[in-house]
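Every value quoted in this text rests on a predicted model; they were computed, and no experiment measured them. Letters go in sequence order (proteins before strands), and every chain restarts at 1.
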There are 2 protein chains.
Amino acid sequence: MDGSHWLSMHPLVEKLTENGHDVVVVIPESSLTMGGSETFTVQTYPVPYTSQEITANFQKLSREHFSLPSHFPWIAIEMLDSMMVVFNMFYKSSCKNVLQNETLIEYLKKGKFDAMLSDPLFPCGEIIAEFLSIPSVVFTSGAPFAIEQEAAQSPGPPSYVPKLFTTFTDHMTFIQRLQNVFVSLLFDFVFCHMLYSPYTRMASEFLKRDVTAVDLFSRASIWLLRYDFVFEFARPTMPNMVFIGGINCVNRKPLAQVIIVCINSSGEHGFVVFSLGSMVSEIPMDKAMDIAEAFRSIPQTVIWRYTGKVPSNLGSNTHLVKWLPQNDLLAHPKARAFITHAGSHGIYEGICNAVPMVMLPLFGDQMDNAKRIESRGAGVTLNVLDMTPEDLINALDSVINKPSYKENIQRLSALHLDRPIHPLDLAVHWVEFVMRHKGAPHLRPAAHDLNWIQYHSLDVFAFLLAVLVTTFFISFKCCTYTCRRCCGRKSRPKSKSKKE
Amino acid sequence: MDGSHWLSMHPLVEKLTENGHDVVVVIPESSLTMGGSETFTVQTYPVPYTSQEITANFQKLSREHFSLPSHFPWIAIEMLDSMMVVFNMFYKSSCKNVLQNETLIEYLKKGKFDAMLSDPLFPCGEIIAEFLSIPSVVFTSGAPFAIEQEAAQSPGPPSYVPKLFTTFTDHMTFIQRLQNVFVSLLFDFVFCHMLYSPYTRMASEFLKRDVTAVDLFSRASIWLLRYDFVFEFARPTMPNMVFIGGINCVNRKPLAQVIIVCINSSGEHGFVVFSLGSMVSEIPMDKAMDIAEAFRSIPQTVIWRYTGKVPSNLGSNTHLVKWLPQNDLLAHPKARAFITHAGSHGIYEGICNAVPMVMLPLFGDQMDNAKRIESRGAGVTLNVLDMTPEDLINALDSVINKPSYKENIQRLSALHLDRPIHPLDLAVHWVEFVMRHKGAPHLRPAAHDLNWIQYHSLDVFAFLLAVLVTTFFISFKCCTYTCRRCCGRKSRPKSKSKKE
């Protein structure tokens with residue numbers, strides 16, 4: 001899987017090669033972030049699009065997002081739509097190109113691999129793992145429509161587990177719970193099917209038997225989930241779920257000289273880091289002007305990742321860069337605030353480094369992520385479409401100058417970093433575990449062998465109800481019969497006396 | 001908590017003192033396994049019974065168990081009864097003596113502790129933790145009636161999570177699922193209340209407000225569960241549950257010379273370890289004679305922990321010892337089989353050391369434990385009441401000479417020991433975590449703030465049903481009204497024409 005997904009899986013792959021494993025990474029010939037490596041083998045396959053086309057498509061998508069409606073449920077519908085566009089645009093076509101590539105499949109077959117590491121946003125990995133009968137480890141921050149929960153048989157009561165796109169917290173009002181149940185039913189029975197149906201068709205053809213997306217994912221031995229409960233809301237989990245949130249906060253490198261100069265110029269006020277993620281490096285000019293206007297008015301230096309046309313009102317305290325070492329910058333003691341699109345990677349980097357956030361969520365899970373950080377008092381969410389320069393100034397002023405934001409992010413950071421083992425080592429352990437033991441069958445719940453009715457004991461309750469109704473009915477009949485007999489006996493003499 | 005429970009908590013307490021913490025262990029003046037220490041402070045409180053009385057009571061209980069009925073549900077009822085006897089006999093009276101001991105409570109108040117480490121079989125710990133407002137860490141292999149699951153809000157679908165005393169596996173027939181649902185309802189609504197009601201009364205009086213057992217336990221910050229899924233069946237868990245199964249397989253010490261002589265005399269056939277746990281060191285003579293008879297016929301040396309009268313038919317290959325270093329013995333390469341009462345400590349030592357087991361479960365969770373190991377093909381369960389010498393000989397022959405038993409226990413052992421961090425270090429980490437952060441509030445699910453109806457979204461479904469019924473009713477009324485109007489119009493001219 002391309003983009004930021006690969007960026008967080010990459011250190012795990014590197015570490016596995018360091019540990020002496022032969023790793024083959026299968027990537028499309030055109031991609032955003034995936035490329036060659038000196039440590040692992042790269043196996044490419046041709047695809048009918050270029051890297052430029054991917055970039056252009058994401059730019060188009062982000063431009064479209066700047067004209068989105070801004071409230072639930074419309075925003076959810078729009079986000080769903082855009083997710084399906086991305087999903088279909090690249091990955092469906094990309095997966096087809098993998099499965100139809102006989103040379104590649106033959107190569108993979110001969111490889112006799114011990115495990116498959118895959119991302120559920122590109123379900124092709126699971127199809128091939130099933131085809132090659134090798135155990136799989138799924139690496140994700142949560143698959144679309146939380147299919148990982150269904151596939152792992154992990155319960156998620158909609159009464160306190162908010163669903164994607166709702167932006168609810170774990171404490172919901174009655175109306176929110178109603179919406180959450182509704183969204184949950186929609187996801188399970190409509191959207192999940194819509195999103196994955198092209199894959200299941202492809203998989204069924206390729207494997208020569210009918211499979212569903214849940215079938216495919218439920219074979220995963222281990223779920224490496226980029227979760228940490230300082231950020232996620234506490235909820236039921238399963239024994240084969242391993243939590244590696246914050247795995248991306250690694251690989252600190254010294255900052256470049258040009259960046260150090262920027263930072264040093266910031267004085268006691270420190271600096272602000274601003275990035276909308278790897279997918280969105282430019283925004284409409286009116287929005288860029290608004291943002292630049294806000295930055296002119298704050299005493300901090302701003303380092304802004306932006307590749308678009310320079311706004312004419314850019315202040316001298318604002319430095320535009322084509323790319324920024326986000327985690328390393330946030331780790332600097334002078335980092336005062338982080339303006340982010342609230343992608344999960346950025347959020348974890350904010351938490352790791354205890355930098356309060358101003359969040360401008362755009363699409364996918366970003367609205368939900370922003371809501372979580374906001375509900376923990378560690379950041380402020382702004383609607384990038386509606387916000388004025390004053391809104392941004394006020395938000396920055398709050399997170400920088402109100403002590404509660406810094407205290408809260410420091411508390412979250414302390415909880416997050418206080419762990420018995422680093423998430424990267426944990427991930428490596430479980431991949432190697434699956435390789436050594438050919439899976440993790442002891443962690444597989446027996447729920448996989450039950451149908452929906454059995455799982456919820458509906459047959460048992462129906463049987464108990466039937467027994468109860470039958471008992472009641474027989475008792476009732478017996479009673480009425482006995483009563484009739486008794487009353488009959490009593491009433492007969494009466495009628496006799498009447499006759500007399 | 002006394003007995004084997006303390007034996008497995010003890011290394012954790014020792015390790016905490018090693019790490020520089022001041023630990024105060026509160027113990028009754030009379031106990032089976034708890035005593036003074038050079039590393040931690042011991043604070044005793046008087047109780048109205050002696051250690052001899054405890055031993056005598058357990059001996060009595062075990063003698064009674066040798067006349068138990070041997071099938072579900074009778075065995076479950078008997079076990080429940082015996083559990084309540086133990087529970088009431090010592091711990092209720094012991095807890096009363098803690099709570100009424102003003103000097104002790106004052107001492108604990110002044111201590112300003114950072115955390116309470118407690119065992120749910122002795123719920124007094126939670127009452128004091130609540131009274132002193134300190135976070136608690138609960139250490140258990142599963143509390144009676146799985147109250148830890150309810151208190152931690154961990155779902156346990158009865159369709160594949162077998163309940164205590166049922167001896168079912170995670171794959172149940174319809175009839176077993178029916179029984180499991182029934183037992184589950186009984187536990188939740190009857191027995192759990194029966195067992196804990198003396199404590200909740202005591203707690204409510206002491207805390208001067210009404211509390212339930214679930215209220216008390218649900219305040220636990222971390223559940224240190226002596227679980228490992230090579231032994232437990234995979235099921236939903238919660239983020240504040242930490243799995244430390246096998247924590248007792250530590251502290252290897254060199255074997256005593258007398259034991260080494262025994263082992264060396266065993267030759268190529270190796271030896272068998274036999275213990276019925278810390279509570280049962282003698283058994284009725286007829287049973288002891290049967291067992292001794294079986295041992296005479298096997299080529300292995302037997303080391304038997306037994307304090308009763310020596311059976312007259314004891315073979316020369318059988319050595320009686322008053323106490324045995326079980327884990328160290330099982331770790332010896334010549335250990336061929338382990339005859340155990342299937343207490344969870346023994347089971348984990350069998351798994352750690354990959355020694356196949358013959359299990360003679362007596363009470364508590366032992367029947368269930370035995371069933372689990374049997375279902376994994378790593379041991380044979382015998383009913384100690386019914387078994388003949390031949391049964392024991394056959395069972396030993398199977399686990400020693402049929403390769404599948406050794407292979408299965410070796411597989412379980414390999415899975416169990418392949419972990420990223422030792423359970424003892426993990427336990428220490430989480431106790432220290434709770435001390436450092438004054439609990440683990442981020443791991444507490446919002447489910448605690450919902451009532452039963454809200455949790456299961458019953459109000460939401462009732463509302464949806466009401467809307468559906470109302471809509472249907474209104475539509476129906478509209479339709480019938482419209483129909484009547486239409487039919488009326490059509491029929492009126494007819495009646496007119498009739499008149500005409």
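Looking at L450(B), the atoms closer than 4.5 Å to chain A (heavy atoms on both sides) all sit in the side chain, from C-beta outward. For a residue to count as touching a neighbouring chain, one of its non-hydrogen atoms must lie under 4.5 Å from one of that chain's; by this rule V181(A) touches chain B with the side chain only. Of the atoms belonging to L443(A), heavy atoms from both backbone and side chain fall under 4.5 Å from chain B. For F463(B), the part lying near chain A is the side chain, with the backbone staying farther off; criterion is any non-hydrogen pair under 4.5 Å.
For F461(B), there are no ring pair (Phe, Tyr, Trp, His ring centres under 6.0 Å) partners, not counting sequence neighbours.
Of the residues considered (D459(A), D449(A), D170(A)), D459(A) shows the highest number of contacts with chain B, using heavy-atom pairs under 4.5 Å. Annotation: maximal heavy-atom pairing with chain A below 4.5 Å, among V230(B), N180(B), V161(B), V460(B), occurs at V460(B). No other option in R444(A), R177(A), E232(A), H456(A) has as many heavy-atom pairs under 4.5 Å with chain B as R177(A). Looking only at heavy-atom pairs under 4.5 Å with chain B, the residue among R376(A), Q454(A), M241(A) that has the most is Q454(A). Chain A forms more heavy-atom pairs under 4.5 Å with one residue of A446(B), P158(B), P157(B) than with any other, namely A446(B).
A donor-acceptor contact closer than 3.5 angstrom is absent between the side chains of T169(B) and S375(B).
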- Decide yes or no on side chain to side chain donor-acceptor pair (under 3.5 Å) for S344(A) and R226(A), but give the supporting numbers first. CA-CA 8 Å; S344(A) 67; R226(A) 292 198 298 99; 3.1 Å; yes
Report, one line per pair, each donor and acceptor closer than 3.5 Å where one atom sits in a side chain of residues 147-156 of chain B; sequence neighbours left out.
from    : atom 1 : to      : atom 2 : distance (Å)
E148(B) : OE1    : A143(B) : N      : 2.9
E148(B) : OE2    : Y227(B) : OH     : 3.2
Q149(B) : OE1    : S154(B) : OG     : 3.2
Q149(B) : OE1    : R235(B) : NH2    : 2.8
Q149(B) : NE2    : Y227(B) : OH     : 3.1
S154(B) : OG     : P236(B) : O      : 3.2

Taking distance alone, no hydrogens or angles, what donor-acceptor pairs closer than 3.5 Å link side-chain atoms of residues 423-434 of chain B to residues at least two apart or in another chain?
from    : atom 1 : to      : atom 2 : distance (Å)
H429(B) : NE2    : D418(A) : O      : 3.4
E432(B) : OE2    : N19(B)  : ND2    : 2.9
E432(B) : OE2    : H21(B)  : NE2    : 2.7

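Here F233(A) and Y160(A) keep their ring centres 6.0 angstrom or further from each other.
L117(A) CG to L16(A) CG: the interatomic distance, rounded to the nearest 0.5 Å, is 7.0 Å. A distance of 9.5 Å separates OG1 of T140(A) from CD1 of I244(A), quoted to the nearest 0.5 Å. Of the inter-residue distances, the one linking R419(A) atom CZ with I421(B) atom CD1 reads 12.5 Å to the nearest 0.5 angstrom. In this structure, CG on D368(B) lies 5.5 Å from OG1 on T166(B), to the nearest 0.5 angstrom.
Within residues 404-416 of chain B, the residues that have a heavy atom under 4.5 Å from a heavy atom of chain A are A414(B), L415(B), listed by number.
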